[in-house]
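It should be emphasised that the depicted structure is a prediction, and the values quoted were computed from it without experimental measurement.
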Amino acid sequence: MTDKKDKLIIGLTGGIATGKSTVSSYLAEKYFIPILDADLIAREAVSINSPIFQNIVNRYGEDILLNDGNLNRAKLGKIIFNSQQEKMWLENQIHPFVFDDLQSQIKLLSNSIIVLSIPLLFEATMTNLVDEIWVVNCDFFTQLSRLKSRNKLAENEAISRINSQIPLIEKVKLADIVIDNNKKLADLYTQIDLIMSKKSITPNSYLHR
């Protein structure tokens, strides 16, 4: 197994609905790079009957559940995006679980490059997990439009979710690499290919690493 010092751990982040999933999917499909997705791990953290799931039910009651017994994520989202105190409480439940899981998975992987897709990389203070930070950036109105469309949110709800994160302009200042996602998909892919070529990584070369 490769030691961490022999791996390049990339932290892929940005703002909500800026296109992180599109970037990570492209890296996985074209360059065969393993993607560790913090959102998926967070879902596992609150899976039915897990300790964190039980804590959430104890705090908010069974009204927070769907008919099938799973969490009503829409209802939970409305609670935490309207209360900083509740948001902090939930994050204090989930973030340590995500951090530990990512750390464990990194140790198990022998790949020379690993991407951690962590939407709250800065907010959750997980930057010490990574060697390099990539921020997917777009302008506010593009982000707002994408979020409203994707999550079927009213404008005020979408703005509240954007504002719950560190401003993108601040994340860009802390980035090693900034990927602009204001234009067409082809432009986004071209940027990623250029970044990878500068690292001397092509799809074929990575297969032999």
Side-chain angles (χ1 to χ4, degrees), residues 1-25 27-28 31 33-60 64 70-73 76-77 79-81 83-137 151 161-168 170-179:
M1 182 166 54
T2 309
D3 293 327
K4 184 184 183 302
K5 66 174 182 277
D6 297 321
K7 302 174 184 176
L8 173 63
I9 312 296
I10 296 168
L12 178 66
T13 191
I16 188 170
T18 57
K20 299 177 296 296
S21 296
T22 305
V23 172
S24 60
S25 294
L27 288 169
Y31 292 93
I33 294 174
I35 310 293
L36 304 184
D37 190 328
D39 275 350
L40 294 180
I41 299 169
R43 283 180 175 272
E44 181 187 336
V46 297
S47 60
I48 193 165
N49 295 326
S50 69
I52 297 172
F53 173 93
Q54 293 295 345
N55 290 343
I56 292 169
V57 174
N58 290 341
R59 190 172 183 87
Y60 302 118
I64 203 68
N70 285 293
L71 281 177
N72 186 327
R73 295 177 185 279
L76 184 60
I79 292 172
I80 66 170
F81 287 112
S83 169
Q84 184 63 23
Q85 180 181 344
E86 295 307 312
K87 181 172 177 288
M88 286 179 64
W89 178 85
L90 186 64
E91 289 176 346
N92 287 337
Q93 300 287 312
I94 294 174
H95 288 172
F97 180 95
V98 173
F99 184 93
D100 290 346
D101 193 277
L102 286 170
Q103 213 168 29
S104 296
Q105 289 194 59
I106 289 168
K107 289 177 182 177
L108 291 173
L109 290 169
S110 60
N111 306 71
S112 58
I113 300 177
I114 302 167
V115 169
L116 310 187
S117 178
I118 310 178
L120 301 179
L121 180 69
F122 298 110
E123 292 88 344
T125 60
M126 294 189 190
T127 53
N128 58 328
L129 280 175
V130 307
D131 304 307
E132 196 169 280
I133 296 170
W134 295 13
V135 171
V136 186
N137 186 40
N151 289 37
R161 296 196 180 198
I162 291 170
N163 289 341
S164 73
Q165 298 182 346
I166 293 172
L168 261 173
E170 298 301 321
K171 294 184 178 184
V172 165
K173 290 176 185 176
L174 298 169
D176 296 296
I177 291 175
V178 179
I179 301 171

Donor-acceptor check, side chain of [X] to backbone of [Y], threshold 3.5 angstrom: yes or no?
| X | Y | value |
| --- | --- | --- |
| Gln93 | Asn55 | no |
| Thr13 | Ile118 | yes |
| Thr18 | Gly14 | no |
| Ser50 | Ala45 | yes |
| Asn137 | Val178 | no |
| Glu123 | Ile166 | yes |
| Ser25 | Ser21 | yes |
| Lys20 | Gly15 | yes |

- [ ] Would you list the pairs meeting ring-ring contact (aromatic ring centres under 6.0 Å, His included) in which at least one residue belongs to residues 97-129, sequence neighbours left out?
- [x]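 Applying ring-ring contact (aromatic ring centres under 6.0 Å, His included) to every pair that reaches into residues 97-129, excluding sequence neighbours, yields nothing.
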
Task: salt bridge (Lys or Arg N to Asp or Glu O under 4.0 Å) partners for Arg43, two or more places apart - done: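 Counting only residues at least two positions away or on another chain, Arg43 forms no salt bridge (Lys or Arg N to Asp or Glu O under 4.0 Å).
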
Open item on the list: Suppose we screen for salt bridge (Lys or Arg N to Asp or Glu O under 4.0 Å). Which residues come up paired with Glu91, at least two apart in sequence or across chains?
Closed with: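 Listed in chain order: Lys87.
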
Any side-chain heavy-atom pair of [X] and [Y] under 4.5 Å:
| X | Y | result |
| --- | --- | --- |
| Arg161 | Asn151 | yes |
| Ser24 | Asp37 | no |
| Leu90 | Leu76 | yes |
| Ile16 | Gln165 | yes |
| Leu116 | Ile35 | no |
| Val98 | Met126 | yes |
| Asp131 | Lys7 | no |

Just how far is it from atom [atom1] of [X] to atom [atom2] of [Y], taken to the nearest 0.5 Å?
| X | Y | atom1 | atom2 | value |
| --- | --- | --- | --- | --- |
| Ile10 | Ile113 | CD1 | CD1 | 5.5 Å |
| Trp134 | Leu121 | CH2 | CG | 13.5 Å |
| Leu36 | Leu12 | CG | CG | 11.5 Å |
| Ile41 | Asp101 | CD1 | CG | 4.0 Å |
| Ser112 | Asp6 | OG | CG | 9.5 Å |
| Ile114 | Leu108 | CD1 | CG | 9.5 Å |

TODO: Decide side chain to side chain contact (heavy atoms under 4.5 Å, CB included) for Val135 and Ile179; before the verdict, give the C-alpha distance in whole Å, the side-chain angles of both, and the deciding distance to 0.1 Å.
DONE: CA-CA 6 Å; Val135 171; Ile179 301 171; over 6 Å; no

- [ ] Mind checking side-chain contact (heavy atoms from CB on, under 4.5 Å) for Thr125 and listing every partner two or more places apart, or none if nothing turns up?
- [x]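 Scan of Thr125 (side-chain contact (heavy atoms from CB on, under 4.5 Å), adjacent residues dropped) gives none.
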
Open item on the list: If the condition is side-chain contact (heavy atoms from CB on, under 4.5 Å), which residues does Asn163 pass it with, not counting sequence neighbours?
Closed with: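 Result, side-chain contact (heavy atoms from CB on, under 4.5 Å) vs Asn163: Ile159.
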
TODO: Could you list the residues that satisfy ring pair (Phe, Tyr, Trp, His ring centres under 6.0 Å) with Tyr60, not counting sequence neighbours?
DONE: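 With neighbours one apart ignored, the set is Trp89.
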
Of the non-hydrogen atoms in [X] and [Y], which two are nearest, and what is the gap between them?
| X | Y | value |
| --- | --- | --- |
| Val136 | Gly19 | CG1-C, 4.1 Å |
| Ala42 | Ile94 | CB-CG2, 3.8 Å |
| Ser164 | Phe81 | OG-CE2, 3.3 Å |

